[in-house]
*Asks:* 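Handing you this structure, nothing more for now.
Counting starts at 1 for both ligands and their atoms, in listed order.
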Amino acid sequence: MGSKEQIVMLPMMAHGHLIPFLALARQIHQRTGFTITIASTPLNIKYLSSTLNSSDKPNIRLVDLPFCSADHGLPPGCENTENLPLDQIGKLFGASQSLKSPVHDLLSDMVAREGKPPLCVISDVFFGWAGGVAKSVGTVNLGFSTGGAYGTLAYVSVWLNLPHRQAGNSDEFHMPGFPDRCRLHISQLHPYLRNADGTDIWSRFFQTQISLSMQDSVGWLCNTVQEIESEAVEWLNNYIKLPVACIGPLLPPAVLNKDTGSSGLRISIQRNGKQPGISTETCLEWLQLQSPGSVLYISFGSQNSISPRQMMELATGLEDSARPFVWVIRPPVGFDRKAEFRPEWLPDGFEERMRRSKRGLLVRDWAPQLEILSHKSTGAFLSHCGWNSVMESLSQGVPIIGWPLAAEQAYNSKMLVEEMGVCVELTRGVESKIDAKEVKEVIEGVMDKSGRGGDMKKKAVKIGEQIRAAVREEGDQKGSSLKAIDDLEFVTVNRPNKNGAPQCDC
Ligand SMILES: O=c1ccn([C@@H]2O[C@H](COP(=O)(O)OP(=O)(O)O[C@H]3O[C@H](CO)[C@@H](O)[C@H](O)[C@H]3O)[C@@H](O)[C@H]2O)c(=O)[nH]1
């Protein structure tokens with residue numbers, strides 16, 4: 001492959017998507033020498049730009065696409081899912097379709113300038129429209145799912161088929177594309193999906209965009225590792241009838257190299273270019289004081305929160321469990337994320353007691369997650385099961401306590417419990433009536449390595465080894481994900497013919 005080839009990337013406007021897209025851009029450039037253009041709305045480009053380092057700059061070009069949030073009934077400057085209530089997220093997703101014309105202009109300009117189209121477009125699977133645009137300038141599209149194979153297939157299958165609507169009186173139903181044993185319970189669906197009937201904005205958006213991405217792509221990329229999800233990769237491949245390339249984990253090399261030990265890493269993504277709610281140094285100093293494997297890390301990702309009542313019970317359960325913890329804490333559901341933190345959201349005197357006893361570290365809004373998960377003191381992760389968090393945790397051999405809240409998180413949690421045995425689901429959603437006693441019991445079960453917790457830990461360590469091996473290269477030996485990236489060449493053989501139809505030989 002020549003080093004002059006270019007690839008254009010189009011991520012959905014959400015941190016959980018921008019982060020793996022940028023990591024993929026770095027990975028592809030490093031392996032192939034291709035130049036990558038990432039195009040998004042100005043605010044998202046600003047976020048990405050604040051994360052680029054000097055060695056990225058000549059190789060990763062960031063391009064603004066014009067976007068006016070007010071044209072879509074969104075508040076001024078609203079271009080990313082962060083801080084948005086659910087109905088506004090739906091609007092933002094719908095509004096992402098307006099990027100089609102600016103993307104067409106961008107690709108046409110590249111063709112005019114270079115005399116040939118980019119090698120391919122890699123677009124978020126929620127940007128199904130991108131396949132047609134790529135074809136119109138003579139190139140091909142690869143869909144990129146920032147989730148894992150199981151979660152992606154479940155998400156695709158449930159949105160395209162709405163199988164719960166045919167479930168009759170049963171609370172359980174089968175997901176098309178999965179073996180019969182993989183059944184979902186109605187409570188694993190987010191309320192907006194439970195109520196979806198094919199005519200609401202969510203169904204219309206997902207059904208259109210996912211179908212287009214399946215129809216107009218020459219393959220899908222998945223941020224997972226073949227060895228840890230081999231069955232699900234096959235099910236996904238059979239269902240979407242496209243090749244699926246596993247190119248994960250999309251993590252900084254420093255995280256994957258366990259030898260970096262428990263200090264010296266400076267690798268976490270900074271949200272909006274801001275410093276984490278705590279300095280990495282303070283966090284690492286605190287972790288150093290704790291014994292190996294003793295700390296529970298708690299975070300609900302980049303955009304989710306729990307309810308005020310749940311927050312109170314979680315805090316009480318944590319205090320009762322007497323285990324050290326780091327909790328990324330933000331205003332509960334129903335309050336502005338930027339709101340001043342109110343003491344009444346936590347039990348009386350909780351913060352002060354945790355601070356004085358050094359038992360718990362409360363971090364406002366954003367923590368250096370990668371440094372925490374790769375620290376030897378961290379023993380388990382209470383997580384919403386967003387896929388980046390899952391890969392980050394498992395790559396470090398850290399078992400998970402699941403509390404899925406939205407998107408495909410309940411499917412991820414189900415897979416982690418049933419297929420991998422590395423997770424216990426504490427509860428799900430913001431409506432559940434979780435109590436402090438259950439919190440304490442689950443934490444103790446997972447942190448106590450003499451029983452079930454020990455078994456989960458062993459399995460997580462084994463999966464962590466498989467994840468790291470997928471991106472390792474030693475002499476002639478190359479991990480499966482590195483091979484998949486090097487083999488992106490399959491894209492070139494699928495370049496459209498003169499009639500614009502991809503010559504898919506897969
Ligand atoms: O305090 C924090 C909180 C998060 N992160 C990072 O932010 C990312 C969060 O990603 P993820 O765990 O995937 O959660 P979401 O931001 O919720 O991700 C969205 O995108 C994911 C990938 O498609 C989906 O799996 C999720 O369901 C969807 O909500 C991870 O890299 C974290 O390391 C931090 O560094 N510090």
Side-chain angles (χ1 to χ4, degrees), residues 11-24 47 51 80-84 86 89 93 124-127 143-156 188 190 193 220-224 248-252 254-255 265-280 283 297-306 326-330 337 361-374 378 381-396 398 400 402-416 428-429:
M12 176 48 95
M13 301 101 95
H15 288 294
H17 294 233
L18 296 171
I19 294 169
F21 262 88
L22 179 58
L24 178 61
Y47 293 165
T51 311
N80 185 288
T81 53
E82 66 170 347
N83 302 330
L84 287 190
L86 198 61
I89 293 182
F93 274 36
D124 206 292
V125 293
F126 296 156
F127 287 2
F144 177 29
S145 166
T146 48
Y150 188 108
T152 298
L153 176 58
Y155 202 77
V156 166
Q188 283 166 303
H190 195 277
L193 174 52
W220 275 16
L221 309 179
C222 238
N223 181 13
T224 191
L250 293 167
L251 293 173
V255 184
L265 296 177
R266 294 291 179 274
I267 41 174
S268 274
I269 299 294
Q270 292 182 9
R271 190 171 147 261
N272 313 353
K274 285 185 206 142
Q275 289 299 324
I278 189 168
S279 79
T280 303
C283 198
Y297 171 57
I298 305 155
S299 165
F300 298 104
S302 68
Q303 59 198 47
N304 290 106
S305 275
I306 52 177
V326 179
W327 182 2
V328 185
I329 199 159
R330 54 178 74 121
R337 169 129 174 216
L361 189 64
L362 292 160
V363 182
R364 291 281 144 77
D365 200 60
W366 198 256
Q369 177 159 312
L370 291 169
E371 284 86 344
I372 295 171
L373 286 172
S374 55
T378 303
F381 182 10
L382 169 47
S383 166
H384 71 316
C385 300
W387 190 249
N388 297 300
S389 292
V390 168
M391 290 300 270
E392 289 163 12
S393 194
L394 293 183
S395 72
Q396 303 305 309
V398 174
I400 295 172
W403 186 334
L405 293 167
E408 90 302 8
Q409 295 150 20
Y411 319 138
N412 295 340
S413 168
K414 179 180 166 68
M415 191 270 290
L416 294 169
R428 57 180 79 124

*Asks:* Could you see which bit of Ser299 sits under 4.0 Å from ligand 1, with heavy atoms only: side chain, backbone, both or neither?
*Replies:* side chain
*Asks:* Are Leu18 and Thr51 side-chain neighbours, meaning at least one heavy-atom pair lies under 4.5 Å?
*Replies:* no
*Asks:* Do ligand 1 and Gln369 have nitrogen or oxygen atoms that lie under 3.5 Å from each other?
*Replies:* yes
*Asks:* Number the atoms of ligand 1 from 1 as they appear, then name those within less than 4.0 Å of a heavy atom of Thr146, with their elements.
*Replies:* 22 (C), 23 (O)
*Asks:* Within the side chain of Ser389, is there an N or O that forms a donor-acceptor pair under 3.5 Å with the backbone of Cys385?
*Replies:* no
*Asks:* Determine, considering heavy atoms only, which of His384, Glu408, Gln303, Arg364 sits nearest to atom 17 (O) of ligand 1.
*Replies:*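 It is His384 whose heavy atom sits nearest to atom 17 (O) of ligand 1.
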*Asks:* Please determine whether side chain to side chain contact (heavy atoms under 4.5 Å, CB included) holds for the pair Ile19 and Phe21, giving the CA-CA distance in whole Å, both sets of side-chain angles, and the decisive distance to 0.1 Å.
*Replies:* CA-CA 6 Å; Ile19 294 169; Phe21 262 88; over 6 Å; no
*Asks:* I need the full list of salt bridge (Lys or Arg N to Asp or Glu O under 4.0 Å) pairs touching residues 403-414, with sequence neighbours left out, sorted by first then second residue.
*Replies:* Lys414-Glu418
*Asks:* Once you restrict to heavy atoms under 4.0 Å, what part of His15 touches ligand 1? Side chain, backbone, both or neither.
*Replies:* neither
*Asks:* Out of Trp327, Trp403, Phe381, which residue meets the ring pair (Phe, Tyr, Trp, His ring centres under 6.0 Å) rule with Phe300?
*Replies:*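 The passing option is Trp403.
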*Asks:* Test your reading of the structure: does Ile19 have an N or O sitting under 3.5 Å from an N or O of ligand 1?
*Replies:* no
*Asks:* Under the 3.5 angstrom rule, does the side chain of Thr378 hit a backbone N or O of Leu373 as a donor-acceptor pair?
*Replies:*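 A pair under 3.5 Å: no.
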*Asks:* Heavy atoms only, cut-off 4.0 Å: how does Ser302 contact ligand 1, side chain, backbone, both, or neither?
*Replies:* both
*Asks:* Side chain or backbone of Asn388 under 4.0 Å from ligand 1, or both, or neither, by non-hydrogen atoms?
*Replies:*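 The part of Asn388 near ligand 1 is both the backbone and the side chain.
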*Asks:* Output all residues satisfying side-chain contact (heavy atoms from CB on, under 4.5 Å) with Asn388, sequence neighbours left out; order by chain, then residue number.
*Replies:*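 Result, side-chain contact (heavy atoms from CB on, under 4.5 Å) vs Asn388: Pro20, Asn223, Glu392.
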*Asks:* Backbone or side chain, does any N or O of Gln409 fall under 3.5 Å from an N or O of ligand 1?
*Replies:* yes
*Asks:* Test your reading of the structure: does Ser389 have an N or O sitting under 3.5 Å from an N or O of ligand 1?
*Replies:* yes
*Asks:* If you measure from each non-hydrogen atom of Val328 to ligand 1, which part falls under 4.0 Å: side chain, backbone, both or neither?
*Replies:*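 The answer is the side chain of Val328.
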*Asks:* Does the residue Leu370 have a heavy-atom contact with ligand 1, meaning some pair of atoms that are separated by less than 4.0 Å?
*Replies:*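 It does not, in that no heavy atom of Leu370 comes within the 4.0 Å cut-off of ligand 1.
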*Asks:* What atoms in ligand 1 come closer than 4.0 Å to a heavy atom of Gly16?
*Replies:* 16 (O), 18 (O), 19 (C), 20 (O), 22 (C)
*Asks:* Does Asp365 reach the main-chain N or O of Arg330 with its side chain, forming a donor-acceptor pair under 3.5 Å?
*Replies:* no
*Asks:* Which of parallel (below 30°), tilted (30 to 60°) and perpendicular (above 60°) describes Phe126 and His17?
*Replies:*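 Judged by the thresholds at 30° and 60°, the geometry between Phe126 and His17 is tilted.
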*Asks:* List every atom of ligand 1 that sits less than 4.0 Å from any heavy atom of Ala407, numbering the atoms from 1 in the order shown and giving each element.
*Replies:*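 With Ala407 as reference, the close atoms of ligand 1 come out as 27 (O).
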